[in-house]
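First the structure, in the form of structure tokens, and then the observations on it.
Just the heavy atoms: all of them, side chains too, but no hydrogens, waters or symmetry mates, feed the values below. First the proteins, then the strands, lettered A, B, ... as listed; each starts at 1.
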Amino acid sequence: MQQNLNLYNTLTRKKEVFEPLHAPFVGMYVCGPTVYGEAHLGHARAYVTFDVLYRYLKYLKYKVRYVRNITDVGHLVNDADEGEDKIAKIAKIQHLEPMEVVQHFTNRFHEDMALLNILPPDIEPRASGHILEQIEMIQEILANGFAYEVNGSVYFDVPAYNKDHNYGKLSGRIIEDLLSNTRETEGQHEKRSPLDFALWKNASPEHIMRWPSPWGNGFPGWHLECSAMSRKYLGQTFDIHGGGLDLMFPHHECEIAQSQASNSKSDEAKYWVHNNMITINGQKMGKSLGNFITLSELFSGNKELLEQAYTPMTVRFFILQAHYRSTLDFSNEALQAARKGYTKLMNGLRVLEKMQYPEEGITPDEKLNEELLKLTEDCFRGLNDDMNTARTIASLFNLLKKINSLYLGQLQISHLTRGTFDTIRETYNTLVLDILGLKEEKLGDQAEMLELILSFYKEAKEAKAYDKVDAIRADLKKQGIVIKDLKTGIDWAYEE
RNA sequence: GGUAACGUGGCCGAGUGGCUAGGCUCAGCUCUGCAAAAGCUGCUACAGCGGUUCGAAUCCGCUCGUUACCUCCA
């Protein structure tokens with residue numbers, strides 16, 4: 001089996017074989033949400049993407065430390081330097097403490113993530129809890145000559161940095177181009193260059209969120225928290241830094257600059273991984289465009305754009321059916337199709353559970369075994385090729401066809417070796433449940449009751465009491481269960 | 001304006017030089033009391049034009065179209 005994981009590295013613009021810096025340990029940092037609003041479909045895509053990577057790395061037996069932050073300070077509403085703090089703004093409107101806003105949306109975020117079966121990170125640091133580390137990093141950058149203080153604020157000196165370093169190496173920007181295209185924004189009078197960004201901002205009297213620092217009372221710049229916290233928990237250089245494509249510039253570019261300019265002197269991460277955006281009617285979904293769909297709207301169907309509610313697993317499957325570096329277009333049709341595909345995959349789990357390897361009469365068919373084993377390998381091939389979950393799912397469907405054929409007796413289980421049979425079952429279960437992170441959404445402990453109903457159904461069927469048969473079918477259908485009359489007996493499946 | 005990316009069949013969405021993507025939809029068949037489920041079969045593709053090549057959806061050029069980033073965003 002091809003067991004080399006290849007990842008596309010934004011920093012080198014190539015797919016590279018993943019090799020940890022200090023195997024078997026892997027450090028992964030993903031930019032978390034700014035908790036000033038409900039999580040939306042775009043958040044789901046980012047965190048599902050890195051959840052699969054996290055799960056897969058663990059499956060590959062790496063000891064992973066996954067850090068995903070909560071941004072609760074420093075993220076400003078407008079142009080990087082003069083805007084209002086996003087959280088403070090909501091707090092003011094709702095007459096709440098900023099930390100109440102933070103706590104509320106952090107809780108909501110966790111709820112949504114749990115519904116999507118996204119594993120919690122190993123460490124979830126908050127920016128406001130790491131002011132000291134951020135101040136320390138600023139002091140290093142100042143001491144190294146890549147920052148300057150003005151009126152209680154500290155700015156990163158991009159031109160000075162760019163003399164010996166390459167500001168723009170991640171996003172492919174050229175500093176001259178950036179300079180010629182910079183917009184005039186307020187507050188630039190303090191900055192020597194429009195490209196400079198804030199490391200520390202002096203807090204105006206009405207600014208509520210403030211901390212003491214060597215430069216007076218203020219608050220840290222947005223880009224700094226990720227550099228400071230990733231260094232604290234993962235070291236100066238770690239393996240994977242992830243986030244949405246929209247964070248590549250300026251956020252991640254600034255992170256690299258900060259880490260290079262501090263005593264870390266590194267690009268932070270060896271592999272920079274970016275997921276693409278969700279679009280709606282071909283246009284990017286985003287806060288600034290106001291066309292985003294929150295997860296709770298999606299789960300409740302409570303929005304004009306939505307024809308119906310979609311379950312968390314439908315959403316997860318929808319996301320996984322595209323490659324993470326492609327844009328993914330939202331539509332009701334696509335979600336509905338995802339629902340059916342997801343259900344089909346779930347029914348496969350149940351079929352596998354029911355199948356048993358026969359005790360005797362084994363007559364292995366070499367060609368068939370080979371064919372089926374190849375199908376199981378294909379499933380991993382997609383994953384290893386830059387986490388192509390779309391290909392993995394396609395391969396799983398190919399495998400599922402064979403599983404269903406075996407179940408129906410169109411293919412004979414006795415023609416498989418024990419090893420092939422076990423490999424099929426293990427591959428399917430592991431990929432669907434553990435790595436893709438899909439799970440059954442219905443039933444649970446009602447399975448026994450269902451068995452009872454099915455036994456009544458069988459009796460009625462044998463007595464040719466078709467009225468009763470149809471009635472049972474109709475009732476179960478209301479519960480999203482369809483009855484299957486097989487030659488070998490009676491079974492059920494989720495309605496697709 | 002600068003810099004990138006993309007354009008695949010009714011819809012979504014993989015695929016980067018020759019080998020079936022896959023899902024959904026639609027039609028037919030098998031099975032069935034009738035269905036459903038499942039299996040099998042079929043259907044309409046690679047924006048356009050030109051080039052490289054024995055051979056291109058895949059490489060190159062041009063044209064058209066769409067989008068993203070350059071300002072907060074996953």
Looking at [options], which one has an atom nearest to any side-chain atom of [X]?
X         : options                : value
Glu333(A) : A74(B), A14(B), C11(B) : C11(B)
Leu408(A) : C70(B), A38(B), G13(B) : A38(B)
Lys461(A) : C69(B), C34(B), U25(B) : C34(B)
Met285(A) : A74(B), C12(B), C24(B) : A74(B)
Asp246(A) : A14(B), A37(B), A74(B) : A74(B)
Ser326(A) : A14(B), A74(B), C70(B) : A14(B)
Lys484(A) : U3(B), G13(B), A36(B)  : A36(B)
Phe397(A) : G23(B), G39(B), A37(B) : G23(B)
Asp485(A) : A35(B), G33(B), G22(B) : A35(B)
Pro250(A) : A74(B), A14(B), C70(B) : C70(B)

For Thr376(A) and Asp378(A), does a side-chain donor sit closer than 3.5 Å to a side-chain acceptor?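 Asp378(A) and Thr376(A) do not have a side-chain donor-acceptor pair below 3.5 Å.
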Expressed in angstrom and rounded to an integer, what is the separation of [X] atom [atom1] from [N] atom [atom2]?
X         : N      : atom1 : atom2 : answer
Leu170(A) : C70(B) : CG    : P     : 13 Å
Asn276(A) : A74(B) : CG    : C1'   : 11 Å
Asp329(A) : A5(B)  : CG    : P     : 21 Å
Phe317(A) : A14(B) : CZ    : C1'   : 13 Å
Lys374(A) : A21(B) : NZ    : P     : 13 Å
Glu253(A) : U71(B) : CD    : P     : 13 Å
Asp386(A) : U16(B) : CG    : P     : 11 Å
Arg391(A) : A14(B) : CZ    : P     : 12 Å

Expressed as a whole number of Å, how far does the [atom1] atom of [N] sit from that of [M]?
N      : M      : atom1 : result
U44(B) : C34(B) : C1'   : 33 Å
U8(B)  : G15(B) : P     : 14 Å
U71(B) : G2(B)  : C1'   : 15 Å
A47(B) : G7(B)  : C1'   : 6 Å
C46(B) : C11(B) : P     : 13 Å
U58(B) : A68(B) : C1'   : 23 Å
A56(B) : G17(B) : P     : 14 Å
C26(B) : A36(B) : P     : 11 Å

Side-chain N or O of [X] versus OP1/OP2 of [N]: is the shortest distance under 4.0 Å?
X         : N      : answer
Lys401(A) : C40(B) : yes
Lys344(A) : C24(B) : yes
Thr327(A) : A68(B) : no
Asn404(A) : G39(B) : yes
Asn347(A) : A37(B) : no

First encountered from the 5' end of RNA chain B, between Val469(A) and Phe318(A):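 Nearer the 5' end of the strand: Phe318(A).
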Hey, which sits more toward the 5' end of RNA chain B by its nearest nucleotide, Ile483(A) or Gly341(A)?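 On the 5' side of the pair lies Gly341(A).
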Hey, does the side-chain of Arg473(A) have a donor or acceptor N/O within less than 3.5 Å of a partner on the base of C34(B)?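 When only heavy-atom distances are counted, Arg473(A) does reach the base of C34(B) through a donor-acceptor pair under 3.5 Å.
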So how far is it from Tyr310(A) OH to Leu295(A) CG, rounded to the nearest 0.5 Å?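 Going from OH on Tyr310(A) over to CG on Leu295(A), the span is 14.5 Å.
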Quick check with a 6.0 Å cut-off and a 45 degree axis cone: is Arg173(A) positioned over the face of Phe249(A)'s six-membered ring?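 Verdict for Phe249(A): a cation-pi partner in Arg173(A).
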Tell me whether the centres of the aromatic rings in Phe197(A) and Tyr155(A) are closer together than 6.0 Å.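 No, too far apart.
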So what's G42(B) paired with, Watson-Crick or G-U wobble, going by both distances under 3.5 Å?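 Across all strands, the one nucleotide that pairs with G42(B) is C26(B).
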Return the pairing partner of G65(B) with a 3.5 Å limit on both distances, Watson-Crick or G-U wobble; otherwise return none.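 By the stated definition (distances under 3.5 Å), C6(B) pairs with G65(B).
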Run the ring-ring contact (aromatic ring centres under 6.0 Å, His included) check on Tyr342(A) and Tyr494(A) step by step: do they pass? CA-CA 10 Å; Tyr342(A) 157 74; Tyr494(A) 297 115; 8.1 Å; no
Are Glu459(A) and Lys468(A) within salt-bridge range, i.e. N to O under 4.0 Å?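 Result for this pair is no, no salt bridge flagged.
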Sub-3.5 Å donor-acceptor pair from the side chain of Asn276(A) to the main-chain atoms of Tyr324(A), do we have one?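 Absent.
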If we ignore hydrogens and angles and just use 3.5 Å, is the side chain of Ser153(A) paired with the main-chain N or O of Asn202(A) as donor and acceptor?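 Between the backbone of Asn202(A) and the side chain of Ser153(A) there is a qualifying donor-acceptor contact (under 3.5 Å).
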